[in-house]
Amino acid sequence: MIRIHILGSAAGGGLPQWNCACINCVAARAGKIDPQTQSSIAISAGSEEFQNSWLINASPDLPRQIENTTGLQPRRDAPRNTPIAGILLTNPDIDHALGLLLLRQQDKPLIVYATDETRAALEWLESVLARFCGIEWRKVSSDFQRLNGSIAFRAVELPHSVAFQFLNEASGRMALAAPAVSELTANLSKASADSDVIFFDGTFWSDDELAAVRPGARSASQMNHLPISGGSLDFLRQLPARRKIYTHINNTNPILMPGSWERTEVEQAGIEVARDGLEIVL
Ligand SMILES: [Zn+2]
Ligand SMILES: [Zn+2]
């Protein structure tokens with residue numbers, strides 16, 4: 001089996017974001033919608049336990065996410081230990097990599113799978129961690145390689161990031177985690193069509209969404225995120241996957257507000273909106 005657990009479903013900044021007074025952030029502070037931490041997903045093979053868990057991205061909220069997830073906490077039979085086996089990075093964004101620094105108390109190097117480009121962009125972080133546990137880099141591959149137990153994984157290369165596809169070797173079922181997507185490539189379409197469960201980039205509803213709260217802000221496409229409207233919605237709608245879930249959702253995104261027409265449109269397309277703690281077993 002593959003256990004996929006959403007540790008954080010928000011894009012960089014989280015919900016609410018410290019300096020943001022958009023409708024969603026105000027609603028989250030008022031307890032009208034649930035706060036969400038920054039994007040990270042835990043993958044493990046165990047039925048009950050999270051032993052040998054891998055994280056897709058390590059957000060600045062990681063320590064809090066571990067304390068919120070019993071299965072990611074250390075066992076009590078030894079003073080220092082962790083079920084976290086390592087991290088898979090989709091790209092070098094701060095909200096995906098800063099959590100590595102927060103794992104610095106580890107007694108052996110952190111195992112991190114990433115592309116050469118991501119590794120090069122994180123040289124600054126590598127040099128900070130070198131004074132603590134250090135990093136053991138591993139290369140990602142577009143061919144399946146063993147992750148643990150009965151799970152294999154591969155990287156689906158995209159223009160500015162990678163997505164990860166996971167294979168349950170026992171059942172042949174596959175899951176796709178694509179929290180940072182700038183473009184619908186042929187590779188990504190194929191991987192999406194083959195997957196039973198898909199976690200997809202839900203950062204922005206529209207291309208100019210951020211400019212409404214911050215004049216002059218870059219557009220979604222300039223930030224390498226394909227918007228939902230006019231972008232991923234029609235793509236996901238026609239896929240055969242059993243579950244399709246938007247994650248890595250920016251706090252400005254109207255799909256976060258239950259009852260909004262944008263949320264309704266997503267739901268009518270058969271797509272779910274992720275929340276912290278959502279778990280799927282495949
Ligand atoms: Zn991000
Ligand atoms: Zn906001």
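For the numbers below, each heavy atom of this structure counts, side chains included, while hydrogens, waters and symmetry mates do not. Start at 1 and go down the list; that is how both ligands and their atoms are numbered.
Within the 2.8 Å limit, Asn251 places at least one N, O or S atom next to the Zn ion (ligand 2). Contact annotation: Asp95 places an N, O or S atom under 2.8 Å from the Zn ion (ligand 1).
Residues Tyr113 and Trp137 place their aromatic rings such that the two centres sit no closer than 6.0 Å.
Note on His248: its N/O/S atom closest to the Zn ion (ligand 1) is NE2. Closest approach between the Zn ion (ligand 1) and any N/O/S atom of His96 involves NE2.
Among the candidates Asn91, Thr90, Asn224, the single residue satisfying the side chain to side chain donor-acceptor pair (under 3.5 Å) test with His160 is Asn224.
The SG atom of Cys22, the Zn ion (ligand 2) and the SG atom of Cys25 define an angle of 110° (nearest 10 degrees).
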**Prompt:** Yes or no on side chain to side chain contact (heavy atoms under 4.5 Å, CB included) for Phe199 and Ile280, after CA distance, side-chain angles and deciding distance?
**Reply:** CA-CA 11 Å; Phe199 295 91; Ile280 291 182; 3.9 Å; yes
**Request:** May I have the step-by-step check of side chain to side chain contact (heavy atoms under 4.5 Å, CB included) for Trp54 and Ile151, ending in yes or no?
**Result:** CA-CA 11 Å; Trp54 289 83; Ile151 305 177; over 6 Å; no
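In this model, no donor atom of one side chain and acceptor atom of the other lie less than 3.5 Å apart for Asn250 and Thr203.
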